[in-house]
Amino acid sequence: MMRILFPAILAALAVYPFVGTSYVPLLTIVFAKALPVLGIILLLQAGQVSFGHALFFAVGAYTMGFVLRDVGAVDLVLLLPLATLAAGVAGLAVGVFVVRYRYIFFAMLNLAFSMVLYSLLEKFFHITGGTDGLRVARPTVLGLAMDRAEFELVLYGVSLALLAAALAAAHRLLDSPIGHTLKAIKTNETRVEYLGVSPRRTLLAFYVISAMLAGLGGALVAVFQGLATPDYAYWTRSGEMVFVAILGGAGNVLGALVGSFAFEFIRSFAAAYVGDYWQMTLGVVLLVIILFQPDGLIGLVQRLGRRPGRGRAGAAGERGRSERNAMERV
């Protein structure tokens, strides 16, 4: 899929702005929000789910706002690495505590930290703007000041390039020894410890990476929308990331892009045609995916592309062999 489907999708998306620009804003949001979802998918490889990654999404967004407000005109090329680094530092500070726990405790601790940040952003009105949010000025790009239309096209290309690089890097990382260690933690953490590998340090490393991806996504969304609000850190934002990961398929890094694309388009069209019932529409879609295609939309694509004679039993056996191989490679 990464050798055939990924280049084809990337080429189509790269060419799209030259064909039409109607969906450029929506696709930019899709690319930006796919980054934190990719971080969730990385953690899911170890069997851990975070309901608090909105914290790092908000850190990236507010870093952009604070720097542009207090420092002045700073180039986008400097702002994005700075926001990513800030989210990584926050991820390290939080991760030191949460990686000690597993499953529901891991998920709820992440949720608690996220809600603490949400409360701080909401209460410290004179610093953060409170519920009104913080305005994020439009930065320069390589020293050039652009109007809104030009900036949106540039941000589209930047978001697509960053997402493509992140997807390719995540794919290679998961296929590396440390990536197989992450998968082995899900299968048998005790055995990983007996092999002399620290599951806690491995999970912490991936936790920081996932936090940086979330921060980068938050920075892109904030600079595109021109606003950062406390809702960026609210628990529903984290739930949305998990929703998209399940929708796209947590077993493949491309699930981040496919899930984000499906989520944003379903939400946009549902909001346009069914009004206040768009959330119910999303809920029905997720329910159908869980019941009939638990591997997500990517799993559906894989099933359609699988050669005849390999049914669900064959796929289950292949997953079992994959998990055993992960342990052996560690």
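The residues of the chain are indexed from 1 along the displayed sequence. From a predicted model like this one, the values you see are computed outputs, not experimental measurements.
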Atom pair [atom1] ([X]) and [atom2] ([Y]), whose distance is rounded to the nearest 0.5 Å:
X	Y	atom1	atom2	value
Phe265	Leu27	CZ	CG	5.0 Å
Leu182	Leu44	CG	CG	10.0 Å
Lys183	Thr202	NZ	OG1	14.0 Å
Leu43	Leu38	CG	CG	10.0 Å
Ser210	Leu203	OG	CG	8.5 Å

Checklist line | Option among Tyr207, Tyr62, Tyr232, Phe113 that satisfies the ring-ring contact (aromatic ring centres under 6.0 Å, His included) test with Phe56 | finding: Tyr207
Check: Within the distance-only criterion (no hydrogens, no angle test), does the side chain of Asp147 pair as donor or acceptor with the backbone N or O of Glu150 below 3.5 angstrom?
Finding: yes
Item checked: Glu122 side chain to Gly130 backbone, donor-acceptor under 3.5 Å -> no
Margin query: Under 4.5 Å between side-chain heavy atoms, counting indirect links through other Ile/Leu/Val/Met/Phe/Trp/Tyr residues: same cluster for Leu55 and Leu85 or not?
Written below: no
Next item on the list: Indicate, with yes or no, if Val116 and Phe125 share a hydrophobic cluster defined by side-chain heavy-atom contacts under 4.5 Å among Ile, Leu, Val, Met, Phe, Trp and Tyr.
Entry: no
Atom of [X], atom of [Y] and distance for their closest heavy-atom approach:
X	Y	result
Ala58	Ala233	CB-CB, 3.7 Å
Ala228	Val136	N-CG2, 4.0 Å
Val96	Arg100	O-NE, 3.4 Å
Gly259	Leu247	O-CD2, 3.7 Å

Margin query: Within a 6.0 Å radius of atom OH on Tyr16, are there more than 12 heavy atoms belonging to other residues, nucleotides or ligands?
Written below: yes
Checklist line | Heavy atoms from other residues, nucleotides or ligands near CZ of Phe97 exceed 12 (cutoff 6.0 Å) | finding: no
